[in-house]
*Asks:* 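Next up is a structure, given as structure tokens.
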Amino acid sequence: MPELPEVEVVRRGLAGHVVGRIIESAELRGARVARRHLPGPADLAARIAGTHVESARRRGKYLWLVLASPDGERQALLAHLGMSGQLLVEEPGAPDEKHLHARFLFADGGTELRFVDQRTFGGLALSELTDELVPDAIAHIAADPLEPAFDQALVVRRMKARDSAVKRALLDQTLVSGVGNIYADEALWRAQIHGERLCSALTRPALSRLLDHARDVMLEALGQGGTSFDALYVNVNGASGYFDRSLHAYGQEGRPCARCGTLIRREAFMNRSSYSCPRCQPRPRARGAGN
DNA sequence: CTTTTCTCCTGTATGC
DNA sequence: TGCATACAGGAGAAAA
């Protein structure tokens, strides 16, 4: 489940293996991989042929290559990995993966770039760039906690004004980007807050501490190459990270809390699973009409 | 406008 | 063994 740290690992791989090279051609298989590119896959392939890869960038869980045409025009090749997307750098002629959706060949004849995605929640698109080299297509996505532009005081104010559950806010990419289910649960565990507590019921310092924990846990995960539970999330060379060994809440149902020893519970929330410590993260009191 | 629910997809695990 | 069902869940459309 690629979240910010996993996507950043991939971005670094692209920076090391793809930036500076010239794309010779692209092959897109099926309509779904480029469904967000409205002119279609053939248009995408035609537009990036012959471009120079200037940089690899990221905001939250989005990743893009800044491509420059010979005439100097810039555009973004925007990628989202979804649940199971992979960007892999491979030797030419390596066997096609079962879920290979796109292949990029380079003018130097060296390694190729592939987009492989089992569940196809991910995809590729072309987008215009702002002056800050952010794709127009993700202008609605908020800054992530690792960006210099991240304004934590602003995010705290916006959270405080919400009447929704704090975990829902953490997962809202228009509020703060990059946090998914794993790191939301880890940040909440560290902050000792139950995810169903209302934003508006938490103090500003508590909300700020929660964001600090979200940034900290994602930085620590990045230092270990990200979190992997299986072969679905890998870096550009196909290797897995090992932060899963350091998780305290996510996926730990029935295991003792590292702080107090109480067994971690799993609860349904937003049609997903949430993991927390019943003792360190007590549920909010039931609310409703008449009480 | 804000907030919540639904939908997309396929491999793996579990139940009968 | 075989078949059905649950689950994983990011993001955007649709609904409330």
Side-chain angles (χ1 to χ4, degrees), chain A residues 1-8 10-11 29-38 58-64 78-87 96-102 115-125 127 135-144 155 157-188 195-201 214 218 221 226-234 240 244 247 249-254 265-275 287-288:
Chain A
M1 300 96 224
E3 302 179 26
L4 187 155
E6 294 75 35
V7 178
E8 174 61 16
V10 173
R11 189 202 65 78
R29 296 186 178 179
R32 195 169 159 77
V33 65
R35 66 192 181 284
R36 303 275 175 218
H37 185 70
L38 299 182
R58 181 191 57 73
R59 168 168 284 176
K61 304 170 195 171
Y62 278 95
L63 179 66
W64 63 95
L78 181 63
H80 196 291
L81 302 178
M83 278 292 293
S84 55
Q86 304 174 336
L87 283 166
D96 286 1
E97 289 78 4
K98 180 174 181 183
H99 299 290
L100 174 66
H101 296 292
F115 183 75
V116 176
D117 191 358
Q118 174 190 101
R119 290 173 218 173
T120 64
F121 277 23
L124 304 171
S127 175
D136 291 342
I138 62 163
H140 62 296
I141 298 295
D144 67 59
V155 175
R157 284 199 299 277
R158 292 185 63 195
M159 288 179 80
K160 182 69 182 171
R162 289 198 176 194
D163 277 327
S164 64
V166 65
K167 181 170 177 181
R168 195 182 286 278
L170 273 183
L171 295 174
D172 183 346
Q173 305 296 300
T174 69
L175 194 58
V176 50
S177 67
V179 181
N181 205 35
I182 296 172
Y183 297 112
D185 277 2
E186 292 302 307
L188 288 163
E196 290 183 50
R197 293 185 64 186
L198 294 185
C199 292
S200 54
M218 290 196 292
T227 301
S228 307
F229 301 105
D230 50 37
L232 279 187
Y233 161 68
V234 293
S240 294
D244 60 305
L247 296 176
Y250 183 86
Q252 305 303 304
E253 182 183 21
R265 71 184 155 199
R266 178 165 74 104
E267 298 171 294
F269 177 66
M270 290 172 71
N271 285 325
R272 275 139 185 69
S273 291
S274 287
Y275 299 86
R287 59 202 161 85

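Every chain is numbered from 1, with letters handed out A, B, ... down the list of sequences. Excluded from the calculations below are hydrogen atoms, water molecules and symmetry mates; all remaining heavy atoms, backbone and side chain alike, are included.
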*Asks:* Calculate the interatomic distance between A:D117 atom CG and B:dC8 atom P; express it in whole Å.
*Replies:*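 Rounded to the whole Å, the gap is 16 Å.
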*Asks:* If you measure from the Lys or Arg side-chain nitrogens to the Asp or Glu carboxylate oxygens, is any gap between A:R58 and A:D144 under 4.0 Å?
*Replies:*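 Answer for the salt bridge query: yes.
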*Asks:* Measure from the side-chain N and O atoms of A:R35 to the backbone N and O of A:R32, and report whether any donor-acceptor pair falls under 3.5 Å.
*Replies:*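 Yes, because the side chain of A:R35 sits within donor-acceptor range (under 3.5 Å) of the backbone of A:R32.
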*Asks:* Could you tell me how far apart A:F269 (CZ) and B:dT3 (P) are, to the nearest whole angstrom?
*Replies:*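 Computing the A:F269:CZ to B:dT3:P distance gives 13 Å.
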*Asks:* In whole angstrom, what separates A:R162's CZ from B:dC1's C1'?
*Replies:*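 In whole Å, B:dC1 C1' and A:R162 CZ are 12 Å from each other.
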*Asks:* Between atom CG in A:L81 and atom C1' in B:dC9, what is the gap in whole Å?
*Replies:*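 After rounding, the reported distance stands at 15 Å.
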*Asks:* Apply the test side-chain contact (heavy atoms from CB on, under 4.5 Å) to residues A:E253 and A:Y275: give CA-CA distance (whole Å), side-chain angles for both, the deciding distance (0.1 Å), then the verdict.
*Replies:* CA-CA 7 Å; A:E253 182 183 21; A:Y275 299 86; 3.9 Å; yes
*Asks:* Atom CD1 of A:I141 and atom NZ of A:K61: how far apart are they, to the nearest 0.5 Å?
*Replies:*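 Answer rounded to 0.5 Å: 9.0 Å.
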*Asks:* Of the nucleotides B:dC6, B:dT10, B:dC9, which has the atom closest to the A:H99 side chain?
*Replies:*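 So the side chain of A:H99 is nearest to B:dT10.
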*Asks:* Return the set of residues passing side chain to side chain donor-acceptor pair (under 3.5 Å) with A:S200 (not counting sequence neighbours), or none when no residue passes.
*Replies:*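 Listed in chain order: A:D163.
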*Asks:* Rounded to the nearest angstrom, tell me the gap between atom CZ in A:F115 and atom C1' in B:dC9.
*Replies:*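 So the CZ-C1' distance, A:F115 to B:dC9, works out to 12 Å.
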*Asks:* Can you find a pair of side-chain heavy atoms, one from A:T120 and one from A:V33, that are under 4.5 Å apart?
*Replies:*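 Heavy-atom side-chain distance check fails, nothing below 4.5 Å.
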*Asks:* Would one find a side-chain N or O of A:R168 under 4.0 angstrom from OP1 or OP2 of B:dT3?
*Replies:*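 No.
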*Asks:* Just the rounded figure in Å: distance from C1' of B:dT10 to CZ of A:R119.
*Replies:*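 One finds 7 Å between C1' of B:dT10 and CZ of A:R119, rounded.
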*Asks:* In B/S/- notation, 5' to 3', how is nucleotides 10-16 of chain C contacted by protein heavy atoms closer than 4.0 Å?
*Replies:* BBS----
*Asks:* To the nearest 10 degrees, how far apart in direction are the end axes of the helix from B:dT2-C:dA16 to B:dC16-C:dG2, each fit to five base pairs?
*Replies:*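 Answer rounded to 10°: the end axes differ by 60°.
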*Asks:* Parallel, tilted or perpendicular: which describes the rings of A:F115 and A:H101, with under 30° parallel and over 60° perpendicular?
*Replies:*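 If you compare the ring of A:F115 with that of A:H101, the planes turn out tilted.
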*Asks:* Run A:R29 and A:D96 through salt bridge (charged side-chain N to carboxylate O under 4.0 Å, His left out) and show every step you take.
*Replies:* CA-CA 12 Å; A:R29 296 186 178 179; A:D96 286 1; 2.7 Å; yes
*Asks:* Round to a whole Å and report the spacing from CG of A:L175 to P of B:dT4.
*Replies:*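 Nearest whole value for this atom pair: 13 Å.
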*Asks:* Taking only the side-chain nitrogens and oxygens of A:K98, find out if one of them lies under 4.0 Å from OP1 or OP2 of B:dG11.
*Replies:*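 Result: yes.
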*Asks:* Contact between A:M159 and A:L175 at the side-chain level, heavy atoms closer than 4.5 Å - yes or no?
*Replies:*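 A:M159 reaches A:L175 side chain to side chain.
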*Asks:* Can you find a side chain N or O atom of A:R266 that sits less than 4.0 Å from OP1 or OP2 on C:dA8?
*Replies:*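 Result: yes.
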*Asks:* Examine B:dT2: is either OP1 or OP2 under 4.0 Å from a nitrogen or oxygen in the side chain of A:S164? Give yes or no.
*Replies:*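 For A:S164, the contact criterion (side-chain N or O under 4.0 Å from OP1 or OP2 of B:dT2) is not met.
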*Asks:* Can you tell me the distance, in whole Å, between the CG atom of A:N271 and the P atom of C:dT5?
*Replies:*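 Rounded to the whole Å, the gap is 18 Å.
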